[in-house]
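Report on the following structure.
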Amino acid sequence: MDKRIIFHIDCNSAFLSWEAVHRLQHGHSLDLRTVPSAVGGSVKQRRGIILARSIPAKKLGIRTGQTVFEALSKCPELILVPPDYALYVQCSNALITLLKEYSPLVERYSVDECFMDLSGYGIDGDESVDLAMRIKQRVKEELGFTVNIGISINKLLAKMASEFEKPDKVHTLFPEEMPEKMWPLPVCEMFMVGVRTCLKLYKYGIITIGQLAKTDKELLKVYFKSYGNVLWEYANGIDYSEVRPDRRDIKGIGNSTTTSFDVTDYETAKLFLLSLSEMVGMRLRMENVKAQVICVHLRNSLFHSWSHQHKIPIPTNATNDIYQEACRLFLEMWNGQPLRALGVRTDCLSDGNFTQLSITDQNKFDKISELDKSVDYIRTRYGNDAVKRGVFLHSGVAHINGGVHDDYPMMSSLL
DNA sequence: TCTGGGGTCCTAGGACCC
DNA sequence: TCTGGGGTCCTAGGACCC
């Protein structure tokens, strides 16, 4: 059998590059990528964090996840632009379409990253580099932005490879290259090693990926339970996961929002819970699934967050069912403290065509279901604002809430 | 002074059943 | 009245990804 060839394609400073390209295409003369600039949320709406930054901004110490306030105090001339998720989806789709010309096995890992499986085409290591260079060039010429492409025999190593020098580069990380290219790196640069794990590893004297690779696997299992196994395998370049072109089954659907003001009363909280339930319900119905677990997540003004969930007897995708349960959970867990964020999510999804009802419930169920369906239809056709519940009038709360564009693709922490 | 939003998986503890 | 384990389900919280 041929060696597997896997590409990981990573858009450089995705949100910022895409905004820059969009502006150039619409007559702007300044290329945002050439100056200190960033995509950031609105400070006034309390969403002021940096989502992406240009390379000149990076050189001035601007990091993603940093507060806009901090970024501006570090670099007052920073040009800030708001996020435009619909644009990101367009750019992401354009990239996927281009990549599919080379292999049908393209997996969208997040809005700005994908994996491509090129095994079975008889391509060797050198040829794969040539091919990656050609793809990278085409993306630049036809779509206007740059990508990094990492090449290896599995997804993990390909992903690690694309993280090497940026932008606009092709890197390989084949297993025989690990000692030279991967093992000297600090352990925090490895996939699945976040801040917590990194600090814990440091405590055990493990500083580089190479040291992690050489650590006794059984010892890691004692320190990190089942996760120790994953850490050891990743450090040794072991990963057998497949490139999945079809989106894997969705496990849960949820939406949350940071409020522009602290929520201090139940009536206002209910409006947010309803607007979030509207969005979650719509998305469940769009996917033709029902949920059996409803979860409410709260964050207070001190940034502490907590959640309560409940498994309901019968799966639902009705906005009203989700809302009622969300209110119950909210009252169960809220002690009156000021809130800055609320979230509603659903889990334990099942086939939406299945219903289990007593005959007396049937009429009521049909009516609610028909109402949701009609509202969904009108909103799909005429826009989300075509139908609004009366309670939102003059309330100051958006009647549908949830951070990003409906079709915005999300990712998981798994390969 | 300020700190987003959407996911997945894992663990621990308690309830409950046999 | 007091004593086991094992298995499964449910819930809360925390880790990670972008």
Side-chain angles (χ1 to χ4, degrees), chain A residues 8 10-11 13-15 39-52 63-74 82-83 85 88 92 108-114 155-156 159 162-163 188 190-201 224-231 234 241 247-260 276 279-280 283 292-313 329 332-333 340-349 401-415:
Chain A
H8 178 251
D10 188 327
C11 301
S13 315
F15 292 3
V39 176
S42 147
V43 175
K44 203 177 159 204
Q45 293 197 65
R46 311 203 292 184
R47 294 170 182 169
I49 65 159
I50 302 292
L51 298 161
R63 294 186 315 276
T64 56
Q66 205 171 32
T67 62
V68 166
F69 174 84
E70 199 182 336
L72 283 174
S73 55
K74 199 175 255 180
Y85 294 100
Y88 307 156
S92 178
R108 172 154 29 203
Y109 182 65
S110 72
V111 74
D112 64 342
E113 286 183 32
C114 35
K155 289 165 81 175
L156 172 84
K159 182 158 168 58
S162 71
E163 297 293 317
C188 58
M190 199 177 82
F191 181 71
M192 288 304 284
V193 176
V195 186
R196 295 288 171 175
T197 307
C198 190
L199 290 174
K200 216 168 147 185
L201 285 165
F224 296 95
K225 305 283 170 66
S226 68
Y227 191 50
N229 205 36
V230 176
L231 291 174
Y234 282 2
S241 64
R247 208 167 52 141
R248 79 201 113 213
D249 290 343
I250 321 162
K251 301 284 195 305
I253 287 178
N255 285 95
S256 63
T257 190
T258 292
T259 54
S260 54
L276 289 162
M279 178 62 118
V280 172
R283 292 177 62 202
Q292 214 178 345
V293 171
I294 316 287
C295 177
V296 171
H297 182 267
L298 302 178
R299 171 174 286 159
N300 66 17
S301 46
L302 300 173
F303 241 73
H304 178 257
S305 57
W306 69 107
S307 66
H308 273 202
Q309 64 178 62
H310 181 58
K311 186 162 192 172
I312 53 177
L329 287 163
E332 181 183 291
M333 67 192 289
R340 70 168 282 136
L342 297 92
V344 172
R345 71 168 284 111
T346 57
D347 275 299
C348 203
L349 305 187
N401 243 310
V404 295
H405 190 260
D406 308 343
D407 298 327
Y408 187 76
M410 286 300 163
M411 51 83 56
S412 83
S413 50
L414 285 188
L415 287 178

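Each chain gets a letter, A, B and so on, in the order its sequence line appears, and its residues count up from 1.
A:Tyr234 has its OH atom 14 Å from the C1' atom of C:dA15, to the nearest Å. In this structure, CZ of A:Arg108 is placed 15 Å from C1' of B:dG6, rounded to the nearest angstrom. Separating the CG atom of A:Leu51 from the C1' atom of B:dG4 is a distance of 7 Å, rounded to the nearest angstrom. In this structure, CD1 of A:Ile49 is placed 14 Å from P of C:dC18, rounded to the nearest angstrom. What separates CG of A:Leu298 from P of B:dG5 is a distance of 14 Å, to the nearest Å. At whole-Å resolution of the value, NE2 in A:His308 and C1' in C:dC10 are 13 Å apart. Rounding to whole angstrom units, CZ of residue A:Arg196 and P of C:dC17 are separated by 13 Å. Distance, A:Glu113 CD to C:dC16 P: 17 Å, rounded to whole Å.
With distances taken from any side-chain atom of A:Arg340 to the nucleotides B:dG5, B:dG4, C:dA12, the minimum falls on B:dG4. The side chain of A:Lys251 lies closest to B:dC9, out of B:dG4, B:dC9, C:dG13. The listed nucleotides are C:dT11, C:dG13, B:dC10; the one nearest the side chain of A:Trp306 is C:dG13. The A:Ser226 side chain lies nearest to B:dC10 when the options are C:dT11, B:dG4, B:dC10. Residue A:Ser110 places its side chain closer to C:dC18 than to any other of C:dT11, B:dT8, C:dC18. Nearest nucleotide to the A:Ser256 side chain, out of B:dG5, C:dT11, B:dT8: B:dG5. Relative to the side chain of A:Lys159, the nucleotides C:dA15, C:dC18, B:dT3 differ in distance, and C:dC18 lies closest. For A:Asn255, whose side chain is taken as the heavy atoms from C-beta onward, the closest listed nucleotide among C:dC16, B:dT3, B:dG6 is B:dG6. Nearest to the side-chain atoms of A:Lys311 among the listed nucleotides C:dA12, B:dT8, C:dC10 stands C:dC10. When distances are taken from the side chain of A:Phe191 to each of B:dC2, C:dA15, C:dC17, the shortest belongs to C:dC17.
A donor-acceptor contact under 3.5 angstrom links the side chains of A:Ser162 and A:His8, judged on distance only.
Contacts of A:Val293 with the nucleic acid, taken as non-hydrogen atoms under 4.0 Å apart, are absent. Using a 4.0 Å heavy-atom cutoff across all strands shown, A:Gly194 reaches sugar-phosphate atoms only and no base atom. Residue contacts shown for A:Thr197 are limited to sugar-phosphate atoms, with no base heavy atom under 4.0 Å away. At a threshold of 4.0 angstrom between heavy atoms, the contacts of A:Val68 with the nucleic acid are absent. Residue A:Gly343 is out of contact with every strand shown, counting any heavy-atom pair closer than 4.0 Å. A:Lys44 comes within 4.0 angstrom of no nucleic acid atom, judged by non-hydrogen atoms across all strands.
Put simply, the side chain of A:Asp10 does not reach to within 4.5 Å of the side chain of A:Tyr109, judged on heavy atoms.
Judged by Watson-Crick or G-U wobble contacts below 3.5 Å, the nucleotide C:dC16 has B:dG7 as its partner.
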inquiry  = Test salt bridge (Lys or Arg N to Asp or Glu O under 4.0 Å) on A:Lys159 and A:Glu113; report intermediate values, then the result.
reply    = CA-CA 9 Å; A:Lys159 182 158 168 58; A:Glu113 286 183 32; 2.9 Å; yes
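Classification of the A:Phe191-A:Tyr234 ring pair by plane angle, with boundaries at 30° and 60°, yields tilted.
A salt bridge links A:Asp347 to A:Arg345: at least one charged side-chain nitrogen sits closer than 4.0 Å to a carboxylate oxygen.
Residue A:Phe69 and nucleotide B:dT3 are not classified as a stacked aromatic pair, given the requirement of ring centres less than 5.5 Å apart at an interplanar angle below 30°.
Among all heavy-atom pairs drawn from A:Tyr88 and A:Pro83, the shortest one is OH-CA, 3.3 Å.
Taking atom P in both C:dC18 and B:dT3, one finds a spacing of 23 Å when rounded to whole Å.
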